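See structure below.
Owing to the predicted nature of the structure, the values given are computational and were not obtained by experimental measurement. One-based numbering, in listed order, for ligands and for the atoms of each. No hydrogens, no waters, no symmetry mates; every other heavy atom, side chains included, goes into these values.
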Amino acid sequence: MALREILTVPNPVLKQVSTPVAAVDDDLRLLMDDMLETMYAAPGIGLAAIQVGVPKQVIVMDLARQDEPPQPRYFVNPEILWASEETAPYEEGCLSVPEVYDEVDRPARVKLRYLDYHGQEVVEDAEGLFAVCIQHEMDHLKGVLFIDHLSRLKRERAVARVRKLARTG
Ligand code: ZN
């Protein structure tokens, strides 16, 4: 496994739309292993492949608390089958927009379908942090960042902050 570089705003690659994966094979599992290691090292709770520059519909996630054993999860070609009308606010952050946190409203519950690490199809309901995280990560696959849900002023301020952070290291 190897650590990959996480791209940050305003890198235009983050705006790319990711394409579906044709087959869950060993090459893809290698990518998912690298993504998981990169996410843990960051540290973060979710990472989309485009954040390491790979425009494929792949997401890794681990929502285990610090006192729990790791619970790595893998989502290939995820689709939202249903979303609740009810929305819930959550203060989100993103490894591609470091040190910026703001509240985003999203459907409180979703039903999703995806392929797992072994290529098996899974249909699953998500709520709470899982619902927030999977919708945030699936936005990445469409080239959408959580700051795109904020006002233009807040978005510009966030990008300026990350630029400054990158300059000063
Ligand atoms: Zn993100």
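With sequence neighbours excluded, the residues forming a ring-ring contact (aromatic ring centres under 6.0 Å, His included) with His136 are His140, Phe146, listed by chain and number. Judged as a salt bridge (Lys or Arg N to Asp or Glu O under 4.0 Å), and not counting sequence neighbours, the contacts of Asp125 are Lys111.
Between the side chain of Ser84 and the main chain of Arg109, a donor-acceptor pair closer than 3.5 Å is present.
Across all their heavy atoms, Leu14 and Ser96 have their closest contact at CD2-OG, 3.7 Å. Closest approach of Glu124 and Tyr114 over heavy atoms only: OE1-OH, 2.6 Å.
Pairs passing the salt bridge (charged side-chain N to carboxylate O under 4.0 Å, His left out) check and including a residue from residues 32-42, sequence neighbours excluded, read Arg4-Asp34.
Around the Zn ion (ligand 1), the protein contributes the following N, O or S atoms under 2.8 Å, ordered by chain and number: Cys94 SG, His136 NE2, His140 NE2.
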